[in-house]
Amino acid sequence: MGEDREEGGGLMPDSPSSPRVRFAPSPTGYLHVGGARTALFNWLFARHTGGAFILRIEDTDFERSSEAMVDGILESMRWIGLDWDEGPFFQSQRLALYQATAQKLVQSGHAYYCFCTKEELEARRAQGTAAMYDRRCRNLDRAESEKRRLDGKSPAAIRFAVPDGGSTAFDDAVFGRVEFANAEIEDFVLLRSDGIPTYHLSVVADDIDMRLTHVIRGADHISNTPKQVLQYQALGADLPVFAHVPLILGPDKTRLSKRHGATSVIAYKDLGIVPEAFRNFLALLGWSPGSKQGSAHKDREIFSSEDLVQLFTLDGISKSNAVFDNDKLAWFNTEYIRAYASEKLLPMIEVEWKAAEFQPTRSEPEILATIDLLKPRARSLKDFATLFRAYFSDDFEYDAAAVTKFLSDPALPSLLQELAHRYAAAPEFTEASAEQILRAFAAEKNIKAGALINGSRVALTGQAVAPSLFAVMTALGKDRVIQRLSAVDKVPTSG
RNA sequence: GGCGCCAUGGUGUAACUGGUUAACACGCCGCCCUCUCAAGGCGGAGAGUUCGGGUUCGAUCCCCGAUGGCGCUACCA
């Protein structure tokens with residue numbers, strides 16, 4: 001049956017027993033979907049358990065990190081609705097901690113100074129078959145080492161002294177017990193010769209300092225984990241629970257990259273994806289509520305943020321990599337757009353309008369009603385600024401293919417203009433009356449109502465695809481319908 | 001190459017500690033509806049669980065091996 005869930009709110013936010021997790025992106029690029037999913041899982045875990053979610057920026061690679069990327073990452077996180085309880089902390093401002101930690105390790109004999117230069121190491125690697133560091137500086141005697149360090153001629157890095165024999169293991173919450181022979185682990189660099197820590201040192205120093213209880217991160221870190229475990233042991237610190245999350249791959253099952261199209265979170269925002277759809281989709285990539293709670297959630301796919309928080313547990317995380325499927329994301333998007341109230345959709349649509357430099361000329365009640373009419377067939381928020389422009393202003397274009405398909409009959413324009421006169425003369429203009437007038441007109445002229453309907457649709461909306469014509473007519477309003485039908489002869493025909 | 005991890009239809013997942021006609025969703029195909037396109041309703045194709053050995057009365061599930069994929073293999077994170 002698995003372990004019981006904590007009752008929500010049962011723990012004080014910062015009680016000693018409450019979990020502490022973190023998301024630790026490196027600002028060397030935009031937040032990509034894999035990172036977003038890792039952040040999401042950490043956040044869900046924290047919210048589910050009543051723990052703390054900490055944001056830490058790992059910017060110790062000064063060449064590749066930038067402030068703009070930090071802003072982008074924060075923006076992306078806010079977009080998918082992830083808030084953090086502590087931070088953001090910047091590793092670039094915590095250098096003293098790492099240096100002190102490295103010193104501590106040297107003093108306790110778990111680390112040593114290394115005077116080999118990067119160039120020397122590369123040269124040795126190039127010629128030898130042994131890829132690992134040969135430990136030559138580990139064997140320097142203490143006095144010699146001190147002397148070389150103090151003369152300052154050869155800047156020294158600090159390396160971890162990996163134990164000679166035995167193995168290092170940890171119990172992963174997702175993968176179970178994972179074990180590595182120490183002989184396979186290199187004497188890795190903790191502190192670079194310029195005093196900047198490597199990732200291996202800074203994660204451990206920070207994770208201990210920030211009292212993290214769980215480390216939830218990508219499975220690409222499994223191989224790094226023994227290096228970290230060794231440091232915890234050398235430092236006499238308790239191990240956090242490691243939970244490695246399988247990777248997200250592109251459709252060709254290789255690691256997701258630019259080749260696969262959009263890879264940054266913001267790119268999906270720009271594609272007109274609504275954040276909740278994206279979050280829902282991401283949550284189900286590598287995790288599922290399973291059926292351990294009976295069958296209640298087994299066949300469900302749509303989960304609100306609250307649902308996810310309530311349902312999320314580490315044992316729902318799967319072990320195998322997942323392929324990112326744009327079609328499924330698109331489906332989530334349509335589901336969410338359809339389900340949203342138009343009042344909720346409007347601000348998101350306004351963003352699209354602004355980006356497209358489009359100005360609606362309708363009143364707000366009209367706009368809201370029209371959104372309700374259109375949202376069942378929207379695939380993206382973008383549609384409101386492209387396909388659906390004709391509903392919100394006269395600033396739209398006629399789709400050439402639609403014109404060719406439904407408006408190419410030379411008899412049509414004059415018929416539609418005549419129809420416009422009928423509407424103008426009619427005492428009322430409702431969905432029912434509009435339909436009745438059109439059908440009567442078609443019967444009178446002995447033509448198919450469908451021809452008139454399809455032609456009208458293109459004349460009114462510029463598109464071949466739209467909701468039911470008479471709903472469109474009432475949404476547009478009598479005046480606009482008459483005006484556009486009357487102007488049908490001015491619709492540009494292609495060729 | 002070495003080390004580690006993973007393996008259920010095209011995709012994401014489900015299948016309580018071995019016993020199911022292997023389920024759901026996306027996608028795909030067809031039909032219905034119909035004024036277009038979606039949606040919706042109905043139906044369908046698609047995996048005998050990568051392959052081969054075991055263990056067992058019985059294996060998607062346990063063990064071994066093979067194959068494939070992915071990850072790590074930096075004074076990047």
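Chain A is the first sequence line, chain B the second, and so forth, proteins listed ahead of strands; every chain is numbered from 1.
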Across nucleotides 25-44 of chain B, 5' to 3', mark each nucleotide with B, S or - according to how protein heavy atoms within less than 4.0 Å reach it.
BS--------BBBBS-----
Rounded to whole angstrom, note down the P distance from B:G19 over to B:C63.
16 Å
Give one of base, sugar-phosphate or nothing for A:Gly218, where a contact means two heavy atoms less than 4.0 Å apart.
nothing
Between CG of A:Asn326 and P of B:U11 the distance, given in whole Å, is 15 Å
Just how far, in rounded Å, is C1' of B:G12 from CG of A:Leu249?
12 Å
Under the ring-ring contact (aromatic ring centres under 6.0 Å, His included) test, residues paired with A:Phe324 that sit two or more places apart
A:Tyr268, A:Phe281
Does any pair with a residue in residues 326-335 of chain A pass salt bridge (Lys or Arg N to Asp or Glu O under 4.0 Å), and if so which ones, sequence neighbours excluded?
A:Glu301-A:Lys328, A:Glu335-A:Arg338
Could you pull out all residues at least two apart from A:Arg148 that satisfy salt bridge (charged side-chain N to carboxylate O under 4.0 Å, His left out)?
none
Any residue meeting ring-ring contact (aromatic ring centres under 6.0 Å, His included) with A:Tyr398, in chain and number order, not counting sequence neighbours:
A:Phe396
Rounded distance in Å between the C1' positions of B:C51 and B:G68:
10 Å
A:Arg177 has an atom CZ; how far is it from atom P of B:C5, in whole Å?
12 Å
Would you please test A:Arg457 and A:Val465 for side chain to side chain contact (heavy atoms under 4.5 Å, CB included) and show each step?
CA-CA 8 Å; A:Arg457 173 176 296 108; A:Val465 173; over 6 Å; no
Separation of B:G4 P from A:Phe170 CZ (nearest whole Å):
12 Å
With C1' as the reference atom in both, quote the distance from B:G48 to B:G9 in angstrom, rounded to an integer.
11 Å
Could you tell me if the ring centre of A:Phe188 sits under 6.0 Å from that of A:His200?
yes
Holding to ring-ring contact (aromatic ring centres under 6.0 Å, His included), I want the full list of residues that pass it with A:His260, two or more places apart in sequence or in another chain.
none
Can you tell me, in whole Å, how much space there is between the P of B:C16 and that of B:C76?
47 Å
Sequence neighbours left out, what passes ring-ring contact (aromatic ring centres under 6.0 Å, His included) with A:Phe115? Give chain and number order.
none
Any side-chain N or O of A:Lys319 under 4.0 Å from OP1/OP2 of B:C70?
no
Do A:Asp206 and A:Tyr98 have side-chain N/O donor and acceptor atoms under 3.5 Å apart?
yes
Taking the six-membered ring of A:Tyr133 as reference, does the NZ or CZ atom of A:Arg159 fall below 6.0 Å from its centre and within a 45° cone about the axis?
yes
Specify the glycosidic conformation (syn or anti) of B:G41, with syn defined as within 90° of 0.
anti
Rounded to the nearest angstrom, tell me the gap between atom CD1 in A:Ile222 and atom P in B:C6.
8 Å
How many Å lie between CG on A:Leu311 and C1' on B:U13, as a whole number?
14 Å
C1' spacing across the pair B:G58 / B:C24, given as an integer number of angstrom
27 Å
Would you compute the distance between atom CD1 of A:Ile371 and atom CD1 of A:Ile349 and round it to the nearest 0.5 angstrom?
3.5 Å
Under 6.0 Å from the ring centre and within 45 degrees of the ring axis: does the NZ or CZ of A:Arg56 meet both conditions for the six-membered ring of A:Phe89?
no
Say you pick atom C1' in B:A59 and the same atom in B:G52; how far apart are they, in whole Å?
15 Å
Can you give me every donor-acceptor pair (side chain of residues 26-33 of chain A, partner residue at least two apart or in another chain, under 3.5 Å) with its distance?
{"residue": "A:Ser26", "atom": "OG", "partner": "A:Glu58", "partner atom": "O", "Å": "3.3"}
{"residue": "A:His32", "atom": "ND1", "partner": "A:Gly34", "partner atom": "N", "Å": "3.3"}
{"residue": "A:His32", "atom": "ND1", "partner": "A:Gly35", "partner atom": "N", "Å": "3.4"}

When the C1' atoms of B:U55 and B:C72 are compared, how many Å lie between them, rounded to an integer?
35 Å
Extract the stems that RNA chain B is part of, considering only consecutive pairing runs of at least three Watson-Crick or G-U wobble pairs, both distances under 3.5 Å.
B:1-7 with B:67-73, B:10-13 with B:23-26, B:28-32 with B:40-44, B:50-54 with B:62-66
Which nucleotides of nucleotides 45-50 of chain B have their base under 4.0 Å from a protein heavy atom (B), which only their sugar-phosphate (S), and which neither (-), written as one string 5' to 3'?
------
Partners meeting salt bridge (charged side-chain N to carboxylate O under 4.0 Å, His left out) with A:Asp194 (sequence neighbours left out):
none
P atom, B:G54 versus B:C70: distance in rounded Å?
31 Å
Given the ring of A:Phe41, does A:Arg37 sit roughly above its face, with NZ or CZ under 6.0 Å from the centre of the six-membered ring and within 45° of the axis?
yes
Distance check needed: B:C70 C1' versus A:Phe175 CZ, whole Å only.
10 Å
B/S/- contact track for nucleotides 72-77 of chain B, protein heavy atom under 4.0 Å:
S--BBB
To the nearest Å, give me how far apart CZ (A:Arg37) and C1' (B:G12) are.
12 Å
